[in-house]
Amino acid sequence: METFQSLLAKKLSNALKNAGLPDAGELTPASDPRFGDYQTNAALVLGKQRGENPRVLAEKIVARFDTDDLCDAPAVAGPGFINFTLRPSAVAEKTVEVLRDDRLGIAEAKSPLRVVIDFGSPNVAKPMHVGHIRSTVLGDALARIAQFLGHEVIRDNHIGDWGTQFGMVIYGWKNLLDRRALQRNPLTEIVRIYKETNQRATSDPEVREACRQELIKLQAGDRENLDIWNECVALSMQDFELVYKLLDIHYDIQCGESFYHDRLPGVVERLLKSGIAEISEGAVVVFFRDNPELADKPLIIRKRDGGFNYATTDVATVDYRIDDLKADAIWYVVGAPQILHFKQIFNIARREGYTADLRHITFGSILGEDRKLMKTRSGENVPLRDLLEEACKRARKIIEEKNPHLSDDEKTAIVQKIGIGAVKYADLSQYRMTDYIFSWDKMLSLQGNTAPYLQNAYVRIRSIFRKAGESVPKIDKLVLADSAEINLGKRLCQFAETVPQVLNDFRPNILANYLFEVANSFHTFYEACPVLKSPEPARSSRLALCDLTAQVLKQGLGLLGIKVPEKM
RNA sequence: GCGCCCGUAGCUCAGCUGGAUAGAGCAACGGAUUUCUAAUCCGUGGGUCGGGUGUUCGAGUCACCCCGGGCGCGCCA
């Protein structure tokens, strides 16, 4: 199925050829409804290239443009733009086409990639907190979208399960552990012993040294320490799973840092051998002398004491993902503070001859109402599970107010979709690089660009079908007369143009904003155009529009990892 | 010192590769409901796009310099 955009672009290309001109500029949705539905700046670009009057060129192009019932005669406007307005009949036909397509018009990628997406990556022995929302939710949405577009996605949870923190955890386990507390709430107890050990270590050099020894024993394969480590990892994973279940997130593989442990010596040897790394002040270091930006920022891959670090693991991770998993691309959904680190890692990968497409997909922070990093009142990280439960609690309160007659079971199911959806949407509807201020009232509001507003549009449609008591009519012809109908139809046809755009720059907010516009157009239509009370053929047409709107909302939100309720 | 990100309406934010008179939502004000979920819709007011210089037919967008905020830069992850 072809979108209006690509149909028009082809026609434009033909017109240019017939006018003896090369392809130029671009054909995009109109910047303003006054200018029609699509516009091209081809004549402006060509005018500049050839030193000719753009308006004259535009006229020449328009004269050779075959509209073919698709749109009205293109109009030349302003400095030389060409504007296209779709004919309602063409919109009606395309809408039917989209309705019959189980992909809602969205084409699969021409050259599918195998892409590893690295997102989430919580640390063992620490509960997941707000800091993990963005990576997790953004990574999951990108994975869903890439997968839907036909890419082969491998979702990888790069868990922090092998850091220096284990020296302290093991020391705490051996000296401070309360077994009963561990049974009651495992992660809380592990965090407690970790924190307490950390405190002791800062003030007491002997404790610090003891922790170091525990870490060395662990890394040397000491049985007792390995057992403790294994148990901590398992308990932490159980805790992560609870959150993933709430968020409806799954991973294909969970290769944490420990997975790469025994590959690290080989990595360092290889880099030394190839001359990419060298020994400096007793450590093994990679310099980036020919890169002005990195010239004064070397990267240590083996410490003076022989230990490996984060950077070593990340080099090994690139190896595994490309050599073993055969990835064409790796997307790292990791916060902006690590930009430098990934530049270094990617630079090494290129020097080693890897050609895979490596992307660091960065994002900003979540701030509290005070515009500082979001923390609890006591200054701690807000546990993610608490936050999600709070979201559901608040959603329940609203539902009970608005729709008290729902059964308890119904409410519970709805509340999860609304509460979790609100948290996810608040994140995804905003450009990922901007820090955003976390506000319960805003994200759960029924007005504005929020998940509940979009979900409500869906619910209203479902309500119409319940009321009608009939299944969706199979239609082969739509009649679009009212401007609200035509606008909605156009909007729905744009779904296929919007979704692929997200991956241009990894911006799910493009899809979120589109869905908001769909819901807006639908509500306008809903006010202006009665559905069930209309005579045929309007009634069937409108039912079909409703049906397609519901499908686009459900599919679109689904691609963002957000569910829709039938009632709310 | 070097580098990265951000700065757009009172508030929260869109504006991908430079395109026409800069847009939403909230808040404010004014309307609409015998109607499929008013949980909505329609309308009004609101801007030196942090400041400046430059590049060009055209700059919120690109380059350079400032201002303000955040972050990162050999032995943490």
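Residue numbers start from 1 in every chain, and the chains themselves are labelled A, B, ... in the order their sequence lines are given, proteins ahead of strands. Note that this is a predicted model, so its numbers are computed, not measured.
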Quick check on contacts: within residues 511-518 of chain A, what sits under 4.0 Å from RNA chain B by heavy-atom distance?
A:Asn513, A:Phe516

Hey, does the side chain of A:Gln39 come within less than 4.0 Å of B:rA20's phosphate (OP1/OP2), counting only N and O?
no

Would you say B:rC16 has OP1 or OP2 under 4.0 Å from some side-chain N or O of A:Gln501?
no

Going by ring centres under 5.5 Å and near-parallel planes (under 30°), is A:Phe35 stacked on B:rA20?
yes

Counting heavy atoms from C-beta on, name the nucleotide in B:rU37, B:rC36, B:rA20 closest to the side chain of A:Val531.
B:rC36

Residue pair A:Glu566/A:Gly163 against RNA chain B: nearer the 5' end by closest nucleotide is A:Glu566

Does A:Glu209 come within less than 4.0 Å of A:Arg212, counting only side-chain N to carboxylate O?
yes

Between the side-chain atoms of A:Asn83 and the base atoms of B:rA20, is any donor-acceptor pair under 3.5 Å?
yes

Does A:Asn509 place a side-chain N or O at less than 4.0 Å from the phosphate oxygens OP1/OP2 of B:rG15?
yes

Given salt bridge (Lys or Arg N to Asp or Glu O under 4.0 Å), test A:Arg396 with A:Glu400 step by step and report yes or no.
CA-CA 6 Å; A:Arg396 178 175 285 270; A:Glu400 275 171 353; 3.7 Å; yes

Considering only B:rG74, B:rG19, B:rC76, which nucleotide approaches the side chain of A:Pro298 most closely?
B:rG74

Could you tell me whether the phosphate oxygens of B:rC11, OP1 or OP2, come under 4.0 Å of any side-chain nitrogen or oxygen in A:Lys442?
no

Ignoring hydrogens and angles, does a donor from either the side chain of A:Glu527 or the base of B:rA32 sit under 3.5 Å from an acceptor on the other?
no

Quick one: does A:Val564's side chain get under 4.5 Å of A:Leu553's, heavy atoms only?
no

Phosphate contact (B:rG15 OP1 or OP2) by A:Arg507 side-chain N/O below 4.0 Å
yes

Check whether the side chain of A:Lys297 and the base of B:rC2 form a donor-acceptor pair under 3.5 Å.
yes

Among the candidates B:rG74, B:rA20, B:rG19, find the nucleotide nearest to the side-chain atoms of A:Leu44.
B:rG19

Could you check whether any side-chain heavy atom of A:Pro54 comes within less than 4.5 Å of a side-chain heavy atom of A:Phe81, counting everything from C-beta outward?
no

Would you please confirm or rule out a distance under 4.0 Å between OP1 or OP2 of B:rC41 and any side-chain N or O of A:Asn520?
yes

Within the structure, does a side-chain N or O atom of A:Thr524 lie under 4.0 Å from either OP1 or OP2 of B:rC42?
yes

Do A:Ser258 and A:Asp161 have side-chain N/O donor and acceptor atoms under 3.5 Å apart?
yes

Does the ring center of A:His158 lie less than 6.0 Å from the ring center of A:Tyr332?
no

Taking N and O atoms by type only, does the side chain of A:Thr450 place a donor or acceptor under 3.5 Å from a partner on the base of B:rG25?
no

Please determine whether a side-chain nitrogen or oxygen atom of A:Thr434 lies at a distance below 4.0 Å from atom OP1 or OP2 of B:rA14.
yes

Can any side-chain N or O of A:Thr40 pair as donor or acceptor with the backbone N or O of A:Glu26 at less than 3.5 Å?
yes

